[in-house]
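Residues: numbered from 1 along the sequence shown.
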Amino acid sequence: MPILEALLSLIGPAYLAYYGFAVPVAVAWAILCAALWVWNNRPSKRQNGSVARSRIGSLVFFVFVAACYVAAHTGVYLLARHLAGLWA
């Protein structure tokens with residue numbers, strides 16, 4: 001399920017690029033999607049009784065996930081922006 005959430009979040013940057021929103025809006029979307037992904041996949045929510053991470057570990061994990069989301073969303077945003085320019 002985590003992969004499906006990540007793939008569905010890529011619809012947002014394509015929409016934002018097609019309708020001409022600025023890059024900071026797409027970056028904010030990516031950070032919000034990363035926060036939602038981290039929240040939905042937290043260790044305390046799992047059924048197997050895994051141990052929770054420390055605050056620093058959680059923060060480092062969130063920064064890593066957010067950086068991955070920002071990179072992927074920026075790529076999709078730029079591709080959609082380019083394709084929208086070709087279609088117009």
Practice problem: Calculate, to the nearest 0.5 Å, the distance between atoms CH2 and CZ belonging to Trp37 and Phe62 respectively. | Solution: 11.5 Å

Quiz item: Is there a path of hydrophobic side-chain contacts, each under 4.5 Å between heavy atoms of I, L, V, M, F, W or Y residues, that connects Ile31 with Leu78?
Solution: yes

Quiz item: How many angstroms lie between CG in Leu79 and OG1 in Thr74, if you round to the nearest 0.5 Å?
Solution: 12.5 Å

Self-check item: Atom pair OH (Tyr77) and NE2 (His82), whose distance is rounded to the nearest 0.5 Å
Solution: 14.5 Å

Quiz item: Going hydrophobic residue to hydrophobic residue with side-chain gaps under 4.5 angstrom, can you get from Val23 over to Val25?
Solution: yes

Donor-acceptor contacts under 3.5 Å from residues 6-20 side chains, at least two apart:
residue : atom : partner : partner atom : Å
Ser9    : OG   : Ala6    : O            : 2.7
Ser9    : OG   : His73   : NE2          : 3.3

Self-check item: ILVMFWY cluster, Leu36 and Leu32 together (side-chain gap under 4.5 Å)
Solution: no

Exercise. May I ask you to list the residues sharing a hydrophobic cluster with Ile56, side-chain cutoff 4.5 Å, ordered by chain and number?
Key: Val60

Quiz item: Should Leu59 and Val70 be regarded as members of a common hydrophobic cluster, given that ILVMFWY residues are connected when their side-chain heavy atoms come within less than 4.5 Å of each other, either directly or indirectly?
Solution: no

